[in-house]
Amino acid sequence: MAENLASTWRLREQRYQLIGNICKKCGAKHFPPRQVCTECRGTEFEPFQFNGQGELYSFTTLRSAPAGFEGYVPYSVGMIKLQEGPMVEAMLTDVDEEDLEIGTPMEMVTRKIRQEDGDRGLLVYGYKFRPKVS
Ligand SMILES: [Zn+2]
């Protein structure tokens, strides 16, 4: 029981933070974490927490949505190039589509991702990116 709770909590932490890993052999950083290094094929890693800062590399705006996301249409999804190097794909928030520009400094925020239908009304949170507030 206690073990179950602990693993659930770990899962949550991963969802709220950008936890990837760093190759012990060549120092390449990966997100999401990998089993085999794309740079040197190394297989030994340590966890690495990204700082959630980066810049907008590309984006696209979706006008039809998969189940569970209907309430958000249209919404934008972007590729963010993290300061530490890797790319992460995430929903964009707190910004109008027409204000998005390649190269915009971005930061990670925790937001409601979607609301499950049904009686429980379960809220699902996760990370999104928004233009960096200076
Ligand atoms: Zn490596």
Side-chain angles (χ1 to χ4, degrees):
M1 180 65 177
E3 231 170 78
N4 280 342
L5 278 175
S7 68
T8 304
W9 182 244
R10 267 200 298 278
L11 212 68
R12 272 199 203 134
E13 279 187 339
Q14 273 182 6
R15 210 183 264 166
Y16 289 170
Q17 301 170 344
L18 290 175
I19 306 283
N21 60 11
I22 180 167
C23 175
K24 286 173 84 168
K25 196 167 160 194
C26 76
K29 301 178 182 100
H30 303 285
F31 185 87
R34 292 182 184 274
Q35 306 296 318
V36 178
C37 180
T38 51
E39 301 297 318
C40 74
R41 314 298 294 167
T43 54
E44 285 191 66
F45 297 92
E46 283 183 350
F48 182 85
Q49 184 178 339
F50 293 91
N51 67 9
Q53 312 281 317
E55 68 176 45
L56 192 58
Y57 182 81
S58 68
F59 62 92
T60 179
T61 299
L62 305 178
R63 292 171 199 290
S64 63
F69 288 85
E70 293 92 342
Y72 294 96
V73 173
Y75 65 93
S76 298
V77 172
M79 291 292 289
I80 292 94
K81 184 168 170 50
L82 299 174
Q83 278 181 356
E84 298 94 340
M87 295 275 194
V88 54
E89 185 180 13
M91 281 177 73
L92 306 178
T93 189
D94 300 351
V95 65
D96 290 329
E97 181 191 349
E98 55 266 27
D99 294 332
L100 287 170
E101 223 176 294
I102 304 297
T104 301
M106 304 293 282
E107 64 185 0
M108 187 189 81
V109 289
T110 300
R111 285 286 187 274
K112 189 174 77 178
I113 295 284
R114 67 196 164 98
Q115 184 159 6
E116 303 273 339
D117 290 330
D119 300 335
R120 287 183 305 158
L122 181 65
L123 298 177
V124 180
Y125 289 84
Y127 58 80
K128 295 184 182 183
F129 278 81
R130 69 177 180 193
K132 191 172 176 181
V133 180
S134 48

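Note that ligands are numbered from 1 as they come in the structure, with each ligand's atoms numbered from 1 the same way. Because only heavy atoms are used, hydrogens play no part in the values below, and waters and symmetry mates are left out as well, while side chains stay in.
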Lys25 bridged to Glu44 by N-O distance under 4.0 Å: no

Residues which pass side-chain hydrogen bond (donor to acceptor under 3.5 Å, both in side chains) with Arg63, listed by chain and number, not counting sequence neighbours: Glu97

Residue pair Ile102 / Ser58: nearest heavy atoms and the distance that separates them: CD1-CA, 3.6 Å

Flag, side chain of Asn51 to backbone of Gln53, donor-acceptor distance under 3.5 Å: yes

Expected output: side-chain Asn21 to main-chain Arg34 donor-acceptor under 3.5 Å: yes

Phe45-His30 aromatic ring centre distance below 6.0 Å: yes

Environment of the Zn ion (ligand 1) in terms of protein N/O/S atoms, cut-off under 2.8 Å: Cys23 SG, Cys26 SG, Cys37 SG, Cys40 SG

